[in-house]
2 protein chains.
Amino acid sequence: MAGIKEVAARAGVSVATVSRVLNDSPQVSEQARAKVSAAVEALRYRPNAVARSLRTEATHTLGLIVGDIVNPFFAVLARAVEDEARRAGYTVVIGNADERPERQDHYVRTLLEQRVDGLLICPTAEVTPLIRDCAAAGGPLVFLDRTLPGLDVPSVRVDGTAAIGELIRHLHGLGHRRIAFISGPEPLSTGRERTRAYADAMRATGLRIREEYLEAGDFQAESGRAIAGRFLDLPEPPEVIFAGDNLMTLGALDEIRARGLRIPDDVALASFDDVGWFVHVDPPITAIAQPAEELGRRAVRALLERAEGRPVEPVVLPARLVKRRSCGETGRTQR
Amino acid sequence: MAGIKEVAARAGVSVATVSRVLNDSPQVSEQARAKVSAAVEALRYRPNAVARSLRTEATHTLGLIVGDIVNPFFAVLARAVEDEARRAGYTVVIGNADERPERQDHYVRTLLEQRVDGLLICPTAEVTPLIRDCAAAGGPLVFLDRTLPGLDVPSVRVDGTAAIGELIRHLHGLGHRRIAFISGPEPLSTGRERTRAYADAMRATGLRIREEYLEAGDFQAESGRAIAGRFLDLPEPPEVIFAGDNLMTLGALDEIRARGLRIPDDVALASFDDVGWFVHVDPPITAIAQPAEELGRRAVRALLERAEGRPVEPVVLPARLVKRRSCGETGRTQR
DNA sequence: TTCTGCCGTGTAATCGTTTCCACGAGGGAG
DNA sequence: CTCCCTCGTGGAAACGATTACACGGCAGAA
């Protein structure tokens with residue numbers, strides 16, 4: 001493929017001039033500019049970003065490591081990140097950790113070697129040594145959706161505490177008392193936070209927290225199914241199953257349907273994390289909606305500020321309860 | 001950040017030796033290897049992939065341009081591509097064209113400048129000049145899911161013709177005669193192919209094709225909703241609405257629900273492209289399932305073969321009809 | 001002993017850009 | 001006329017790796 005040298009030769013100027021034209025520096029005559037443009041066109045020259053990056057120490061690329069791109073929440077997040085990044089002139093490399101720390105580390109390593117200008121991570125579980133190093137090295141790094149304890153890294157996330165409180169009160173108002181929660185993995189900040197919010201809200205509402213009504217899944221559909229099954233097998237099964245993310249909700253729904261139970265009469269269902277099709281389930285599923293797009297955009301902005309050396313403080317966005325019919329009638333339903 | 005020079009200095013060897021250790025060449029003594037490893041460790045050295053790529057002319061990176069990452073079909077596709085690529089030692093850069101040719105071109109340009117080792121494109125509509133150039137240049141390029149006419153580029157895709165035929169016969173067997181189709185955009189190969197299959201199958205089954213029962217959407221939910229609305233507004237509305245992708249099915253479902261119509265009694269619904277939650281809609285939605293994972297894997301393999309200069313022939317995978325209850329009772333339902 | 005070959009190593013060129021610096025031409029001011 | 005500044009330009013040194021080539025030492029063969 002033609003390089004800048006060939007272009008220079010064809011245009012009858014030096015490589016320096018070609019480079020100046022390409023980066024439209026003002027320090028170049030109209031004449032030269034025209035000749036170079038013609039040569040570029042004729043040779044179908046495409047600048048080599050690899051060489052450019054080597055010289056300039058900037059790749060105009062951001063890395064994004066998500067838990068699972070097939071999870072609609074992360075898909076929406078990824079699109080928002082990618083959109084905002086493109087607007088700022090950056091390309092995004094997406095890594096799929098599949099919620100596995102070793103895979104997450106694989107991508108961290110690869111992306112660092114690629115010299116991305118910034119890294120957005122939805123951390124999977126543990127603080128790996130590699131992550132600790134990165135945090136210590138102080139490169140542009142921002143945690144997205146989740147945080148890790150004890151590291152000096154800014155994070156952009158959603159706080160669902162208030163919405164969970166509202167949900168529990170809503171359920172209580174509908175007459176439900178036995179509310180079970182399929183929580184997320186203990187090591188994940190989002191898992192811990194939601195569990196805590198559930199427990200606090202139950203207490204605040206004067207409801208008993210039963211050990212057998214609280215079990216941790218792994219944010220994947222299958223665990224939701226299994227745990228819902230165990231809840232339903234209890235001598236005194238819960239009146240409500242509240243699942244900690246949309247995939248576990250899907251799993252729970254599968255299990256409830258497989259047993260031929262009716263929602264909400266036999267058991268009610270609620271989800272942390274809303275997805276488009278919840279309104280089409282019969283009955284539509286009550287859920288806590290997270291502002292995923294906003295989250296993605298804010299994360300990119302925070303990252304870019306960080307990359308420019310400006311200090312950035314954590315961003316915390318609120319979630320919103322969307323009442324539908326899967327927990328019982330409440331007059332009008334929201335979409 | 002420390003470079004190979006610092007490592008060499010600290011280990012007391014030359015940069016050549018360090019490089020050889022890093023690429024574990026056999027031509028290096030155990031002793032040197034140990035010293036270098038120690039230095040690498042101590043300095044937390046990370047090879048600079050940018051410099052390496054410049055020298056070796058290989059980035060070990062593949063580009064993937066999808067129509068819309070939020071569409072579950074593409075999300076699954078992207079994960080499969082990314083998975084298979086990782087297995088082969090490649091990183092994937094995902095670009096989101098949002099079904100817009102100019103955005104697709106933006107990514108093609110960017111990825112070419114980044115010197116990706118191969119490019120996987122789900123082409124959006126038209127043959128742009130840029131795409132034509134690429135095809136002509138003969139770089140490693142493979143079309144995924146969709147094809148473009150008149151270009152010498154191998155493609156990996158699904159052929160839903162047989163499944164659509166089966167669906168139409170199934171609907172006919174259930175007593176339906178007035179079958180409307182929300183087709184995809186005319187310029188897209190998948191849109192054209194499905195429309196053609198619908199028309200052929202209708203004819204083959206002895207059903208009339210009515211002009212007012214065939215309208216093209218843009219593979220986004222909103223168009224599905226609008227077109228379904230127009231179908232239902234007809235003096236003689238169809239008995240079945242068959243939508244050309246999962247998002248338009250979602251839109252149609254919205255519209256049907258908004259009108260308070262019952263499925264399948266008032267109108268039946270079928271989808272080209274299956275997604276996980278279809279089984280949870282009441283009633284579960286009959287759909288044609290595409291082997292998205294297989295598609296992604298095959299595409300990567302084809303691309304890598306192409307990159308190695310081996311000739312690759314087009315891959316065409318069959319789709320599969322999954323009968324559920326949204327078109328009427330049929331004895332047992334599949335999951 | 002001397003020659004041959006291999007093995008481990010180092011020197012330096014190279015990849016395609018950007019950018020610092022120098023240089024010559026031209027023009028305005030003194 | 002001379003001086004100086006500006007403007008457009010080109011030469012060449014980076015950037016951080018890989019790798020062709022050369023070289024010295026040592027072992028085995030003659």
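Reminder, nothing fancy here: chain letters follow the sequence lines and each chain counts from 1. Since the model is a prediction, treat every value here as computed from it, not as a measurement.
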Rounded to whole Å, please give me the gap between CG in B:L43 and P in D:dG16. 14 Å
Rounded distance in Å - NZ (A:K5) to C1' (C:dC15): 9 Å
Quickly work out the B:R20 CZ to C:dG8 C1' distance and round it to whole Å. 8 Å
Quick one: B:L22 CG to D:dG16 P, roughly how many Å, whole number? 15 Å
Length of the line joining B:Q27:CD and D:dA22:C1', which is rounded to integer Å: 14 Å
Counting only N and O atoms by type, is there a donor-acceptor contact under 3.5 Å from the side chain of A:S53 to the main-chain atoms of A:A58? yes
Are the charged groups of A:R103 and B:D83 less than 4.0 angstrom apart, N to O? yes
Any chance you could measure B:I65, atom CD1, to B:F74, atom CZ, to the nearest 0.5 Å? 12.0 Å
Figure out the CD/P separation between A:E6 and C:dT17, and round it to whole Å. 9 Å
Applying the salt bridge (charged side-chain N to carboxylate O under 4.0 Å, His left out) criterion to A:R146, which one of A:E126, A:E99, A:E193 satisfies it? A:E99
Heavy-atom closest pair (B:V92 atom, B:A85 atom, distance to 0.1 Å) is CG2-CB, 3.5 Å
Quick check: does any side chain N or O of B:Q104 sit under 3.5 Å from a backbone N or O of B:T124, one acting as donor and the other as acceptor? yes
Starting from P on C:dG10, measure out to CD on B:Q31 and report it in whole angstrom. 11 Å
Bend across the helix from C:dT1-D:dA30 to C:dG30-D:dC1, to 10°, with axes taken over 5 pairs at each end? 60°
Checking B:E6 side chain against B:G3 main chain: does a donor-acceptor pair fall under 3.5 Å? yes
Salt bridge B:D68-A:R79, side-chain N to carboxylate O under 4.0 Å: yes
When we call it a touch if two heavy atoms are under 4.0 Å apart, what does B:T17 touch: a base, just sugar-phosphate, or nothing? sugar-phosphate
Would you mind writing out the side-chain donor-acceptor pairs for residues 115-123 of chain B within the sub-3.5 Å range, not counting sequence neighbours?
residue: B:R115; atom: NH1; partner: A:P47; partner atom: O; Å: 3.3
residue: B:R115; atom: NH1; partner: B:L112; partner atom: O; Å: 3.1
residue: B:R115; atom: NH2; partner: A:R46; partner atom: O; Å: 3.0
residue: B:D117; atom: OD1; partner: B:T59; partner atom: N; Å: 3.0
residue: B:D117; atom: OD1; partner: B:T59; partner atom: OG1; Å: 3.2
residue: B:D117; atom: OD2; partner: B:T59; partner atom: N; Å: 3.3
residue: B:D117; atom: OD2; partner: B:H60; partner atom: N; Å: 2.5

Residues of residues 48-60 of chain B with any non-hydrogen atom less than 4.0 angstrom from an atom of DNA chain C: list those, numerically ordered, please. B:L54, B:R55
May I ask you to say what A:S29 touches in the nucleic acid, namely base, sugar-phosphate or nothing, with a heavy-atom cut-off under 4.0 Å? sugar-phosphate
Which residue lies more 5' along DNA chain C, comparing A:A2 with B:V15 via nearest heavy atoms: B:V15
Whole-Å distance between D:dG16 C1' and B:M1 CE? 13 Å
